[in-house]
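This structure is in structure tokens; I'll ask about it shortly.
Note that these values count all heavy atoms, side chains included, but never hydrogens, waters or copies made by symmetry. Just so you know, these numbers come straight off a predicted model, no measurement behind them.
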Amino acid sequence: MGKEAAMLETNIGALALFVLLGGARAQIQAAPEEAAPRLQITRMGGRVEVEPGSSGESAAPSLPYLPSGSIVRVRSGFAVLDSDYHASVRAAEGDVFQFLAIRPEGSRSGTMRIAAVEKEPRSLEVSVGDRKFRLRKGGAISVTSVWAGEMLVRSEGAGAFLAPGSLANDGSILSEVRRMPPGDAVTVIVPEAAGFEHPAIERSKLDVSGGGGRTLVVEAARPAEPALRAREAEARRILTGWPVTAQRTAEVIMEKYGPPDLAISDRLSWYDNAPWKITTVYRDPNEHIDVLEQTIGYSVPRDKVQALAELDVALRLSRDGRELSATSESEETNFLALNLADDVVRERRSPGEARGFYLKTVIQMNAGRSSPYLKGLRFR
């Protein structure tokens with residue numbers, strides 16, 4: 001871990017110069033109680049391996065919090081981890097990264113570092129405020145608390161990129177991926193209050209076992225078969241009073257994703273049924289066919305909100321602009337709507353062109369023809 005710490009020391013020196021040049025703004029604020037930044041598992045599905053750092057500290061007692069120096073390998077499914085520095089790490093099957101934390105000391109602020117190691121990641125991404133950073137093999141970013149409500153994100157290596165939808169330093173919205181040269185830095189506005197934005201996953205929802213050496217194998221606990229059967233029975237009991245269209249839609253989703261996590265009189269909901277964050281089938285007494293709502297994590301630039309409204313395909317943007325939902329009669333048409341929303345955000349199609357493509361594709365689908373836009377999220 002000495003090499004990584006030395007690299008961070010270099011970055012901290014550069015940060016000190018940055019602060020001196022802009023010192024009139026405010027004094028550097030260290031993390032609360034001089035604590036090192038922490039990283040916790042917030043959500044996961046599948047299997048993850050956690051190899052503690054060279055300090056010899058075991059990860060077992062601290063889970064779902066990770067000790068500094070940990071190497072995380074996502075063997076299947078996905079993992080979402082949050083830091084009390086307002087940073088979120090998202091990794092999918094095949095991704096490997098290392099987490100390193102540097103404790104605040106004197107006037108030196110605390111720093112967390114996420115590095116892509118071992119192999120080329122598929123979708124390793126770090127979000128800080130309204131910026132998203134993608135990492136390739138050999139790339140890393142450090143997140144440093146500079147002032148209350150501000151974080152400095154610095155690239156290391158040649159494999160760090162600003163993702164589309166992020167804000168550049170000049171305030172412009174990026175429509176394409178932009179590489180960050182080593183040493184490049186951006187200041188990100190975050191909530192002033194320190195701490196995690198989302199709760200950690202409950203330890204009871206994790207199955208933890210020993211792997212090779214000190215490596216831990218962490219799996220999302222699967223409900224016992226009796227519990228699954230009970231959930232399915234409750235969902236089917238509720239469905240008996242629903243209109244036929246909503247019943248059929250719910251049956252299709254249950255066949256694919258299993259029993260819902262929530263079953264109440266007017267809705268069935270599934271959480272983290274990848275690629276979705278939330279899937280909900282609503283009971284509609286008016287027999288409308290658009291009863292399926294599906295949500296993804298997706299940051300929409302402020303200057304693209306109106307364009308999505310003009311697309312007019314039943315999209316809903318969350319208040320914080322970080323989640324996008326589509327509602328229609330099927331999962332295929334929700335994929336279609338969200339793929340076209342991404343095309344509009346990236347300016348590959350105008351709202352009118354995307355709307356025409358939507359109508360044409362739905363007609364072709366009803367005639368038995370398919371399209372890649374119906375098969376999954378093309379931008380994931």
- Task: Group every Ile, Leu, Val, Met, Phe, Trp and Tyr by side-chain heavy-atom contacts under 4.5 Å, then state whether I41 and F78 land in the same group.
- Result: no
- Task: Please determine if K256 and E331 form a salt bridge, counting it only when a charged side-chain N lies under 4.0 Å from a carboxylate O.
- Result: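 Yes, charged N to carboxylate O under 4.0 Å.
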- Derivation of the salt bridge (Lys or Arg N to Asp or Glu O under 4.0 Å) call for R75 and E93: CA-CA 5 Å; R75 297 301 190 187; E93 180 175 342; over 6 Å; no
- Query: Are E234 and R231 within salt-bridge range, i.e. N to O under 4.0 Å?
  - Reply: no
- Item | cation_pi(R38, Y65) dist<6.0 Å, angle<=45 |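 R38 over Y65 ring: yes.
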- State whether a side-chain donor-acceptor pair under 3.5 Å links E323 with Y298.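 Note: E323 and Y298 side chains miss the donor-acceptor criterion.
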- No-hydrogen, no-angle side-chain donor-acceptor test under 3.5 Å, T144 and T111: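 T144 vs T111: donor-acceptor pair found between side chains.
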- Item | S328 and D290: side chain donor to acceptor below 3.5 Å | no
- So the ring-ring contact (aromatic ring centres under 6.0 Å, His included) pairs with at least one residue in residues 320-362 (sequence neighbours excluded) are W276-F335, F357-Y373
- Message: Starting from Y271 and following side-chain heavy-atom contacts under 4.5 Å between hydrophobic residues (I, L, V, M, F, W, Y), which residues can be reached?
- Response: L262, I264, I278
- Query: Does D95 reach the main-chain N or O of R73 with its side chain, forming a donor-acceptor pair under 3.5 Å?
  - Reply: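 No.
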- Is V305 linked to L315 within one hydrophobic cluster, defined over Ile, Leu, Val, Met, Phe, Trp and Tyr using a side-chain heavy-atom separation of less than 4.5 Å?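 Both belong to a single hydrophobic cluster.
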- Task: Walk me through it: do E353 and R355 pass the test salt bridge (Lys or Arg N to Asp or Glu O under 4.0 Å)?
- Result: CA-CA 5 Å; E353 291 170 341; R355 175 66 178 168; over 6 Å; no
- Task: Identify the heavy atoms of A160 and I141 that sit nearest to each other, and give their distance.
- Result: CB-CG2, 3.9 Å
- Message: Please determine whether salt bridge (Lys or Arg N to Asp or Glu O under 4.0 Å) holds for the pair R283 and D266, giving the CA-CA distance in whole Å, both sets of side-chain angles, and the decisive distance to 0.1 Å.
- Response: CA-CA 5 Å; R283 177 187 187 275; D266 66 342; over 6 Å; no
- Task: Quick one: name the residues clustered hydrophobically with V117, using the 4.5 Å side-chain heavy-atom rule over I, L, V, M, F, W, Y, and just say none if it's on its own.
- Result: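 V117 shares its hydrophobic cluster with I71, V96.
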- Query: Quick one: does S318's side chain have a donor or acceptor within less than 3.5 Å of a partner on R322's backbone?
  - Reply: yes
- Message: Is it true that, when you exclude E192 itself, more than 12 heavy atoms of the residues, nucleotides or ligands shown sit nearer than 6.0 Å to its CD?
- Response: no
- Item | Side-chain donor-acceptor contact under 3.5 Å, D82 with Q40 |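 There is no such pair (donor and acceptor under 3.5 Å, judged by atom type) between the side chains of D82 and Q40.
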- D184/S155 under side-chain hydrogen bond (donor to acceptor under 3.5 Å, both in side chains): CA gap, chis, key distance, verdict: CA-CA 6 Å; D184 193 14; S155 68; 5.5 Å; no
- With rounding to the nearest 0.5 Å, note down the distance linking CZ in R131 to CE in M151. 13.5 Å
- Please check if the side chain of E293 supplies one atom and the backbone of T327 the other of a donor-acceptor pair under 3.5 Å. no
- Query: Salt-bridged, E332 to K375, with N to O below 4.0 Å?
  - Reply: no
- Query: Out of curiosity, does L124 fall in the hydrophobic cluster containing V128 (side-chain heavy atoms, cut-off under 4.5 Å, transitive links)?
  - Reply: yes
- Item | Side-chain ion pair, R113 and E156, N-O less than 4.0 Å |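 Here R113 pairs with E156 in a salt bridge, since their nearest N and O are under 4.0 Å apart.
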- Message: Testing the 3.5 Å rule here: is there a donor-acceptor pair between the side chains of S127 and S88?
- Response: no
- Using the salt bridge (Lys or Arg N to Asp or Glu O under 4.0 Å) rule, take R229 and E232 through it: C-alpha gap first, then chi angles, then the decisive distance, then the call. CA-CA 5 Å; R229 288 196 295 269; E232 182 175 358; over 6 Å; no
- More than 12 heavy atoms of other groups within 6.0 Å of R248 CZ: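 Incorrect, the count does not exceed 12.
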- Partner of D342 under salt bridge (Lys or Arg N to Asp or Glu O under 4.0 Å), picked from R349, R378, K304, R348, is R348
- For residues P121 and K137, report the shortest heavy-atom separation together with the two atoms involved. CD-N, 3.5 Å
- Task: Decide whether L374 and I296 are clustered together by the hydrophobic rule: side chain heavy atoms of Ile, Leu, Val, Met, Phe, Trp, Tyr closer than 4.5 Å, transitively.
- Result: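 They do share one cluster, since a chain of ILVMFWY contacts under 4.5 Å joins L374 to I296.
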